[in-house]
Undergrad: 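Before anything else, here's the structure in question.
Fair warning: this is a prediction, and the values are worked out from it, not measured in the lab. First the proteins, then the strands, lettered A, B, ... as listed; each starts at 1.
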Amino acid sequence: MTERELGKAYRPAEVEGSVYERWLAADVFAPDGTGSRADAAKPPFVIIQPPPNVTGSLHLGHAQRTAVEDLMIRHARMQGRPTLFLPGLDHASIAAQFVLDGILAREGESRATLGRDRYLERMSEFVERTRGVILGQQRRVGASADWSRLRFTMDDGSAKAVRHAFARLHRDGLAYRTAALINWCPTCRTSLSDLEVIATPTTGSLWTVRYHLVDGSGAADPDAWITVATTRPETILGDTGVAVHPDDELYTALVGRRVRIPFVDRDVPIVADESVDRAFGTGAVKVTPAHDATDLETGQRHGLASIDVMTDDGVINEHGGAYAGLDRFAARARILEDLAGLGDLEGERPHELILGRCQRSDDVVEPRLKTQWFIRVAPLAERALAVTRSGQTRILPERFDKIWEHWLTGIRDWNVSRQLWWGHRIPAWYCPDGHVTVSELEDGPAACETCGRGASELRQDPDIFDTWFSSGLWPFSTLGWPDATDDLARYYPGSVMETGYDIIFFWVARMMMLGLALLDEAPFETVYLSGLIRDPYGKKMSKTTGNVVNPLEIIDTTGADALRFALIHGATPGLDQRFGQAKVENARNFANKLWNAARFVLGARPETIPAGSPRRAPDPELLGPSERWIRSRRAATVETVDRAMSDFQFAEVTRALYEAIWSEYCDWGLEFVKVRLADDSLSSATREATWWTLVEALDTYLRLLHPVMPFVTEELWGAIPHDAGDPALLIVADWPSAEEQEAPIEADIFAIIDLIGAIRNARAEAGVEAGAWLAVRVAVPDDLGPAFNALAPSIERLVRARPLTQVSTREELNRSANAGLTVVVGDLEARIELSADEDSADRERHRLEKELADAEGFLTAAKSRLGNDAFVQRAPAAVVAGARSRAAELEETVARLRERLGR
RNA sequence: GGGCGAUUGGCUCAGUCGGUUAGAGCGCGCGGUUCACAUCCGCGAGGUCACUGGUUCGAAUCCAGUAUCGCCCACCA
């Protein structure tokens, strides 16, 4: 295996361009690809990704999801599990139509001018052009998806799954067609599910209107009326009754009488109904069954007619008498005017109400009575709840359980038909007699299943499905369902479904319900909910605000690795993160640090090891304390990362690696070892072992970091010596395993690190010239002797000590006491020689006094704790012992500082 | 109306069995052309962990309440 040359400077664009091509060429993304080293005996790991909109382009949210998904899949791949990361695209029915309609409008065309067939042709062309965009962008992020299995929610496989799913639900009584009150968007000219209606608090008005009573002769009495309250006066045109509470004495006499609805001159009954709130408004409610859900129920209880007074565009229709042809809001204004003219507008007052607005168009949604297809969700929701309650499927973070429970408890049936064109046609056919035949056959049923009329007489439902219906089938429609394919058997259910918490109901809940209903098994084991990405000020990124960050620009300038690291580093499940340039730059600097560390290691290869030598394990017999410390920290990091990965604590993964690589390996490991590698007095075998230790740790860190920063790690890994058993590419290399740690060595080295820090601090505080070499004498206790001795040459360099003298007792240290700096760190005490002038002596005294005061403060706290019997008796023994040794250490420090200060 | 989340140095955030002196990055101050890295190195300043009360030997962490901000759910005309 030959080493690859590394460029002097880290250039992410150069690295990333070629690395992805290498992965593709090696065919490592598919679980059964030629380059895959997956162990078929291990359980497969399947990640379910929300397929992005086919007309969309990558935003930071996508980038974050992709980064997190890819992190998980790469980790599993390196563990040798067969991994499936199936990429896809969603046709996004209403969203895509919105985009295309905008384009058509600029061309002076519209849905109406084109007609259904030509419109759909245009859509297909449009989608053909856009579909490659986001896929290419996902690759730039580094998604190691199995592109050979790319799926689209409008492809034949999805279409087949949709037909079968719906036919099956219909057969099971879970899909039905009925007239019901639905949400209607006049702008989109379609019905909407409850989720697509945004409840918007609005200040409106509550008007009170007089409805005149009809007397025995059938005439409206100008002097007798009942006053009703309404926020939507235009619905007066559809009123078919007035309701009062049965116990309301104010109105008991009127129940059974009739009133005349203004303008349409319809005489309707006053009925008594429990649903009326006596305290609200006037206590009398106008009943408009075709435009209000409560009214529809009231109407049904009392046999009142339902009159829809609007067209699909939100214009008053022929039932509106003189107001026909007026837009609903214009009609409202005119009606109010006319009521006032008649003297029947009794009052108006401001009123806070919740207005439903269309998620897509923001238009005011009208409740309308329409015949539509529905999914009966109660039984499905119950199963979904059972699965999460039993723990078969786990939602992360756990607090979403409650939200999940609440939403699935008492949800209303799902209106799945849409009066749009771009989407899957509902596979229902109607015969002239109105019989319905639902069929999973692509060309429709051969005959009406009720009356047997032939196919030529049947007409297919013009409506299409809610886009989330096909999305809801995604975990299995992409694996060949309804056919019993090998893929389905192998990769269903999925392992982790990753998505933003904003579509938990739209998508996650629907997948869960449909998966359980159609396959009798929940579609995934874990639901991992990501937070949303916000701008540096916490605002939601949006095109209109202009605060959208384009991830591709970040990739171009700082690299996909940096972007991924930054996104994953800020990813706390379910919590939003603010994202700004500083975070990516920090991540880019980290990649740069890693690059340079690798360059250093490669360049420090002892001459006795020929270039291109295969990897050798360091000889444990020849390792000094610094090497043993590096190995021990490496093992500790493996453990930390493993734990964080299995807990889905991805931010912790990046934090641990950042610290291990930068603050330990680079700041101390490499600095200690540098001197050793250059030390001619050591045997070449020793220096070789030292170098192999560096390579070993670097290798481990590259592996651990690969799921986060796949490009740079792949490139660097390609440049270091490898073992004969290693594959050619890091992406399929083995995940490291933790080994035993050497705790005693860790303590020694950390003590020495503290000493070095303290000496540097003393020098800086004393204003010693940075480059000056000063004589330093250190009193080293016996137990630290070997480590200190072995590291002396490194310490010398790191604190600019010349000469560095090791003495064994403090008496010895004090014997040649002269002016200088004193450093006390636990058992270690050092004296830095410095020519005395009054100024510096003062500063030194001041510094020592401050240190003494600190130490005394901590000592007092520790002592008072230990003086508390309750603490000593009740706290765990280890905590008490820790406090004791801490106190002893502080005592020692205090004593030494006092002595030095002559107290 | 119901529910959830956040509140930790100037900024962004870690802190997941309660246990030494609460950490990091950015920013800030001082000093550095040390042969991997100025996308860097060394040193430092800066926090009564929103507030009040409680539980506990011990609370940023657990409980109750309050405040501010944000989010979700909700068919009273």
Undergrad: So, using side-chain contact (heavy atoms from CB on, under 4.5 Å) as the criterion, who are the partners of A:F400 when residues are at least two apart?
TA: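 Partners of A:F400 under the side-chain contact (heavy atoms from CB on, under 4.5 Å) test: A:I395, A:P397, A:I403, A:Y501, A:I504, A:L529.
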Undergrad: Using a heavy-atom cut-off of under 4.0 Å over every strand shown, decide if A:L575 touches base, sugar-phosphate, or nothing.
TA: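 Answer is sugar-phosphate: A:L575 comes under 4.0 Å of backbone atoms only.
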Undergrad: Within the 4.0 Å heavy-atom criterion, would you say A:R865 contacts the bases, only the backbone, or no part of the nucleic acid?
TA: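 The answer is base, as A:R865 lies within the cut-off (heavy atoms under 4.0 Å) of a base atom.
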Undergrad: To the nearest angstrom, how far is A:K402 atom NZ from B:G2 atom P?
TA: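 The answer, rounded to whole Å, is 15 Å.
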Undergrad: Do A:V673 and A:L694 have side chains that approach each other closer than 4.5 Å (heavy atoms only, starting at C-beta)?
TA: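 A side-chain contact under 4.5 Å exists here.
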Undergrad: For A:A883, report the nucleic acid contact type (base, sugar-phosphate, nothing); a contact means any heavy atom under 4.0 Å.
TA: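 Here A:A883 touches no strand at all.
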Undergrad: The side chain of A:E652 lies closest to which of these nucleotides: B:U16, B:A36, B:C41?
TA: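 It is B:U16.
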Undergrad: Could you check how far CG of A:D679 sits from C1' of B:C35, rounded to whole Å?
TA: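 Spelled out: CG on A:D679 to C1' on B:C35 is 17 Å.
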Undergrad: What nucleic acid atoms does A:T294 come within less than 4.0 Å of, heavy atoms only: base, sugar-phosphate, or nothing?
TA: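 Since a base atom lies under 4.0 Å of A:T294, the category is base.
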Undergrad: Compare the minimum distances between each of B:A45, B:C72, B:C41 and the side chain of A:K850, then state the nucleotide with the smallest one.
TA: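 Closest nucleotide to the A:K850 side chain: B:A45.
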Undergrad: Among side-chain atoms of A:R599 and A:N596, is any donor-acceptor pair under 3.5 angstrom?
TA: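 Their side chains do contain a donor-acceptor pair, which is all the 3.5 Å distance test asks for.
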Undergrad: Look at all strands and tell whether A:F579 reaches a base, only sugar-phosphate, or nothing, counting heavy atoms closer than 4.0 Å.
TA: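 The answer is nothing, as A:F579 stays clear of every strand by at least 4.0 Å.
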Undergrad: Measure from the side chain of A:E765, starting at C-beta and using heavy atoms only, and say which of B:A74, B:C43, B:A36 lies closest.
TA: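 Of the options given, the side chain of A:E765 lies nearest B:C43.
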Undergrad: Does the B:A36 base have a donor-acceptor partner in the side chain of A:K8 within less than 3.5 Å?
TA: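 Side chain to base: no pair below 3.5 Å.
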Undergrad: If you measure from CG on A:N868 to CD on A:Q873, what distance do you get to the nearest 0.5 Å?
TA: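 The CD atom of A:Q873 is 9.0 Å from CG of A:N868, to the nearest 0.5 Å.
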Undergrad: Reckon A:K286 touches a base, only the sugar-phosphate, or nothing at all at heavy-atom distances under 4.0 Å?
TA: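 Result for A:K286 = nothing.
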Undergrad: Which whole-number value in Å describes the distance from A:L602 CG to B:C37 P?
TA: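 My rounded result for the distance is 14 Å.
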Undergrad: Rounded to whole angstrom units, what separation is found between the CG atom of A:L657 and the P atom of B:A14?
TA: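 My rounded result for the distance is 18 Å.
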Undergrad: Base, sugar-phosphate or nothing for A:T235? Non-hydrogen atoms, less than 4.0 Å.
TA: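 The residue A:T235 makes no contact with any strand.
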Undergrad: Taking any heavy-atom pair under 4.0 Å as a contact, classify A:N868: base, sugar-phosphate, or nothing.
TA: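 Result for A:N868 = sugar-phosphate.
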Undergrad: Closer to the 5' end of RNA chain B via nearest nucleotide, is it A:D667 or A:Q577?
TA: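 Result of the comparison: A:Q577.
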Undergrad: B:C37, B:U39, B:U34: which one has an atom nearest the side-chain heavy atoms of A:N589?
TA: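 Nearest nucleotide to the side chain: B:U39.
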Undergrad: Considering every strand and a 4.0 Å limit on heavy-atom distances, what is the contact class for A:H351: base, sugar-phosphate, or nothing?
TA: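 Sugar-phosphate, no base atom in range.
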Undergrad: Which nucleotide wins on minimum distance to the side chain of A:V285, given the candidates B:C75, B:G31, B:A77?
TA: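 Closest of the options to the side chain of A:V285: B:A77.
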Undergrad: Is A:E585 side chain donor-acceptor paired with the B:U39 base, going by distance under 3.5 Å alone?
TA: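 Side chain to base: no pair present.
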Undergrad: Looking at A:K593 and B:C37, is any side-chain donor or acceptor paired with a base atom of the opposite kind under 3.5 Å?
TA: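 Side chain to base: pair present.
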Undergrad: Under 4.0 Å, heavy atoms only, any strand: does A:P876 hit a base, just the sugar-phosphate, or nothing?
TA: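 Base, at least one base atom sits under 4.0 Å.
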Undergrad: Toss me the dot-bracket line for RNA chain B: Watson-Crick and G-U wobble, both under 3.5 Å, 5' to 3', using | for pairs to another strand and [ ] for crossers.
TA: (((((((..((((.....[...)))).(((((.......))))).....(((((..]....))))))))))))....
Undergrad: Separation of A:W404 atom CH2 from B:G5 atom C1', in whole Å?
TA: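 Roughly 20 Å, once rounded to whole Å.
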Undergrad: Report the residue (A:S275 or A:H406) whose heavy-atom-nearest nucleotide on RNA chain B is the more 5′ of the two.
TA: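 Mapping each residue to its closest nucleotide by heavy atoms, the 5'-most match is A:H406.
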Undergrad: Does A:W662 reach a base, just sugar-phosphate, or nothing at all? Heavy atoms under 4.0 Å.
TA: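 Contact class for A:W662: sugar-phosphate only.
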Undergrad: Classify A:E297 by what it touches in the nucleic acid, base, sugar-phosphate, or nothing, heavy-atom distance under 4.0 Å.
TA: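 Counting heavy atoms under 4.0 Å across all strands, no contact is made by A:E297.
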Undergrad: For the residue pair A:L657 and A:T640, establish whether any side-chain heavy-atom pair is separated by less than 4.5 Å.
TA: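 Heavy-atom side-chain distance check fails, nothing below 4.5 Å.
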Undergrad: What nucleotide among B:C43, B:A36, B:U39 has an atom nearest to a side-chain atom of A:L670?
TA: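 Of B:C43, B:A36, B:U39, B:A36 is nearest to the side chain of A:L670.
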Undergrad: Take atom CD1 of A:I354 and atom C1' of B:A77, then tell me their distance rounded to the nearest Å.
TA: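 So the two atoms are 14 Å apart, to the nearest Å.
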Undergrad: Is A:K593 close enough and on-axis enough to A:Y665, meaning under 6.0 Å and within 45°, for cation-pi?
TA: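 Cation-pi check for A:K593 and A:Y665: fails.
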Undergrad: Between A:E405 and A:L385, is any pair of side-chain heavy atoms under 4.5 Å apart?
TA: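 A:E405 vs A:L385: side chains touch.
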Undergrad: Could you check whether the rings of A:H569 and A:F565 sit parallel, tilted or perpendicular, using 30° and 60° as the cut-offs?
TA: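 The arrangement is parallel - the two ring planes meet at less than 30°.
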Undergrad: What nucleotide, of B:A14, B:A77, B:G19, holds the atom closest to the side chain of A:A875?
TA: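 For A:A875, the side-chain atoms sit closest to B:G19.
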Undergrad: Any luck finding a side-chain donor-acceptor pair between A:E297 and A:T294 under 3.5 Å?
TA: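 Distance-only check fails for A:E297 and A:T294.
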Undergrad: What contact category does A:E671 fall into here, base, sugar-phosphate, or nothing, at under 4.0 angstrom with non-hydrogen atoms?
TA: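 Base contact.
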Undergrad: Show every salt bridge (charged side-chain N to carboxylate O under 4.0 Å, His left out) that has at least one partner inside residues 640-665 of chain A, sequence neighbours left out.
TA: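 Those involving residues 640-665 of chain A are A:R633-A:E664, A:E652-A:R655, A:R655-A:E659.
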Undergrad: Give A:R763 one of three labels, base, sugar-phosphate or nothing, depending on what nucleic acid heavy atoms sit under 4.0 Å from its own.
TA: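 Result for A:R763 = nothing.
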Undergrad: Measure from CD1 on A:I411 to P on B:G3 and round the result to the nearest Å.
TA: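 After rounding, the gap between these two atoms is 21 Å.
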Undergrad: Between A:I226 (CD1) and B:A77 (P), how many Å, whole number?
TA: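 Atom-to-atom, A:I226 to B:A77, this comes out as 19 Å.
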Undergrad: Let's test your reading of the model: under 3.5 Å, does the base of B:U39 pair with the side chain of A:R588 as donor and acceptor?
TA: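 Answer yes: a donor N or O sits under 3.5 Å from an acceptor.
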Undergrad: Select one nucleotide: of B:C76, B:C37, B:A74, the one nearest the side-chain heavy atoms of A:N592.
TA: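 My answer, after comparing the listed nucleotides, is B:C37.
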